[in-house]
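In what follows, a single structure is set out as structure tokens and then discussed.
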Number of protein chains: 2
Amino acid sequence: MIETFTALADPNRFRIVEYLLGGARSVGAIGEALNLNQPQVSKHLRVLKEARLVDVEARAQQRLYGLRPEPLRELNAWLERYRDIWDQRLEQLDSLIEELKTQDLEAAQRHARKKKG
Amino acid sequence: MIETFTALADPNRFRIVEYLLGGARSVGAIGEALNLNQPQVSKHLRVLKEARLVDVEARAQQRLYGLRPEPLRELNAWLERYRDIWDQRLEQLDSLIEELKTQDLEAAQRHARKKKG
DNA sequence: ATCCAATATTCCTTGACGGGAATATACCCA
DNA sequence: TGGGTATATTCCCGTCAAGGAATATTGGAT
């Protein structure tokens with residue numbers, strides 16, 4: 001998980017991953033598309049590969065790099081554990097506050113009770 | 001997004017976030033639980049706060065830090081764009097390969113057709 | 001007003017990382 | 001085998017971030 005975050009924390013690696021969302025590409029294509037020097041592309045791809053975010057397929061003298069699902073699945077699974085936090089319905093909270101402001105205690109209590117279910 | 005990844009890429013910050021999943025905690029509690037010196041805790045919390053991953057509530061001379069939902073939602077939204085990649089059913093693919101190997105073309109074609117829906 | 005507890009900030013040092021330039025390696029073709 | 005293309009690796013340098021130690025700040029109690 002940390003390695004995934006580290007890999008994605010670099011702006012150019014992030015751009016590479018985003019670019020690869022369009023499909024596997026060669027090192028040269030990546031460098032050209034993102035305006036990066038070839039050695040830096042190779043180096044970033046190495047980090048991404050070590051993080052298992054990409055894999056390589058040899059195509060003559062080219063290397064096609066493509067995204068791999070595992071780390072993304074892990075990220076999703078990790079995020080799931082935080083669902084209680086990120087999946088809060090803000091509108092719901094807002095309307096509750098509104099009800100409290102207008103002294104509509106009955107409605108607010110109804111609202112609060114509803115959240116238990 | 002990058003800032004979120006950067007904030008979570010540090011092992012100790014990651015541990016702090018995980019720890020806060022149990023609810024908002026004071027700086028001292030965090031340091032004690034994770035065996036970190038107080039200044040480093042404050043510094044990491046600053047980074048997390050700038051990344052909007054936590055917020056503070058003053059409680060006498062204590063400061064309670066708690067998780068905030070926004071960056072986690074953004075992370076989820078970002079990840080959604082990669083759903084085609086991470087949500088591949090590998091077993092499905094495996095069975096398709098198996099069918100092809102055993103020359104069971106009919107089953108393979110049935111299988112392939114199913115993926116369109 | 002003073003003291004203490006909790007937290008924040010600063011200064012310093014060190015290690016890791018990213019970029020550029022140069023070079024090495026691998027593969028294909030004639 | 002030689003040459004060219006595509007990619008990987010190495011070396012060097014500058015920057016930045018993390019940890020430790022010391023100090024500053026804030027709030028509450030006596």
Side-chain angles (χ1 to χ4, degrees), chain A residues 1-68 71 75, chain B residues 1-68 71 75:
Chain A
M1 197 69 355
I2 300 265
E3 201 175 12
T4 304
F5 287 133
T6 303
L8 294 171
D10 178 81
N12 283 328
R13 278 195 298 269
F14 184 81
R15 291 172 67 209
I16 291 176
V17 168
E18 290 274 283
Y19 180 59
L20 291 183
L21 192 48
R25 301 290 150 89
S26 72
V27 176
I30 296 171
E32 198 168 341
L34 306 184
N35 214 36
L36 296 172
N37 296 330
Q38 179 266 317
Q40 337 299 339
V41 176
S42 286
K43 281 187 275 190
H44 283 310
L45 285 171
R46 171 134 89 133
V47 175
L48 291 173
K49 187 170 55 177
E50 283 168 358
R52 302 158 12 226
L53 275 161
V54 301
D55 61 357
V56 210
E57 183 190 349
R59 188 102 174 176
Q61 65 262 35
Q62 296 190 2
R63 303 296 149 99
L64 298 184
Y65 282 84
L67 292 176
R68 297 196 49 216
L75 190 49
Chain B
M1 197 68 356
I2 300 265
E3 200 175 11
T4 302
F5 286 133
T6 304
L8 294 171
D10 178 81
N12 284 326
R13 278 196 296 269
F14 185 81
R15 292 172 65 211
I16 291 177
V17 168
E18 290 274 284
Y19 180 58
L20 292 183
L21 192 49
R25 299 291 149 89
S26 72
V27 176
I30 296 170
E32 199 168 342
L34 306 184
N35 214 36
L36 296 173
N37 297 329
Q38 178 266 316
Q40 337 299 339
V41 176
S42 286
K43 282 187 275 191
H44 282 311
L45 286 171
R46 171 135 88 135
V47 176
L48 291 173
K49 187 170 54 176
E50 284 168 356
R52 300 160 11 225
L53 275 162
V54 301
D55 61 355
V56 210
E57 182 189 350
R59 187 99 174 178
Q61 64 262 36
Q62 296 190 8
R63 305 293 150 101
L64 297 186
Y65 283 85
L67 291 177
R68 296 195 51 216
L75 190 48

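Naming convention: chains lettered A, B, ... in sequence-line order (proteins, then strands); numbering from 1 in each chain.
- We find that CD of B:Glu3 is positioned 11 Å from P of D:dA17, with the value rounded to whole Å.
- Here the straight-line distance linking atom CD1 of B:Ile16 with atom CG of B:Leu67 works out to 10.5 Å at 0.5 Å rounding.
- For B:His44 and D:dA17, the shortest distance from a side-chain N or O to OP1 or OP2 is not below 4.0 Å.
- In terms of position along DNA chain C, the nucleotide closest to A:Leu36 lies nearer the 5' end than the nucleotide closest to the other residue of the pair A:Leu36 and A:Ala60.
- We find the CG-CG distance between A:Asn12 and A:Leu36 to be 4.5 Å, quoted to the nearest 0.5 Å.
- Summarising the geometry, the separation between CD on B:Gln62 and P on D:dG27 is reported as 14 Å, rounded to the nearest angstrom.
- Judged by distance alone, the side chain of B:Arg15 and the main-chain N or O of B:Leu34 form a donor-acceptor pair under 3.5 Å.
- The shortest distance between side-chain heavy atoms of A:Gln40 and A:Lys43 falls below 4.5 Å.
- Under the 3.5 Å distance criterion, the side-chain polar atoms of A:Arg13 are matched with a main-chain donor or acceptor of A:Ala7.
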Which atom pairs link the protein and nucleotides 8-11 of chain C when you take only N or O atoms and keep those under 3.5 Å?
unit_1 : atom_1 : unit_2  : atom_2 : d
C:dA8  : OP1    : B:Tyr65 : OH     : 2.5
C:dA8  : OP2    : B:Ser42 : OG     : 2.6
C:dA8  : N7     : B:Gln38 : NE2    : 2.6
C:dA8  : N6     : B:Gln38 : OE1    : 3.3
C:dT10 : O4     : B:Lys43 : NZ     : 3.4

* B:Phe5 and B:Leu75: side chain to side chain contact (heavy atoms under 4.5 Å, CB included), yes or no, with the steps? -> CA-CA 9 Å; B:Phe5 286 133; B:Leu75 190 48; 3.6 Å; yes
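- Straight-line distance from the CG atom of B:Leu34 to the P atom of D:dA18: 16 Å, rounded to whole Å.
- Using a 4.0 Å cutoff on non-hydrogen atoms, no part of residues 8-17 of chain B comes near DNA chain C.
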* A:Leu20 and A:Ile30: side chain to side chain contact (heavy atoms under 4.5 Å, CB included), yes or no, with the steps? -> CA-CA 8 Å; A:Leu20 291 183; A:Ile30 296 171; 4.1 Å; yes
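- Nucleotide D:dG27 holds its C1' atom 14 Å from the CG atom of B:Leu64, rounded to whole Å.
- With a 4.5 Å cut-off on side-chain heavy atoms, B:Leu45 and B:Val41 count as touching.
- Counting heavy atoms from C-beta outward, A:Asp55 and A:Lys49 have side chains that stay 4.5 Å or more apart.
- If you take CD of B:Gln61 and C1' of D:dG27, they are 6 Å apart, rounded to a whole angstrom.
- Distance A:Ile30 CD1 to D:dA6 C1': 13 Å, rounded to the nearest Å.
- Summarising the geometry, the separation between CZ on B:Arg59 and C1' on D:dG28 is reported as 15 Å, rounded to the nearest angstrom.
- A straight line from CZ of B:Arg25 to P of C:dT7 spans 14 Å, rounded to a whole angstrom.
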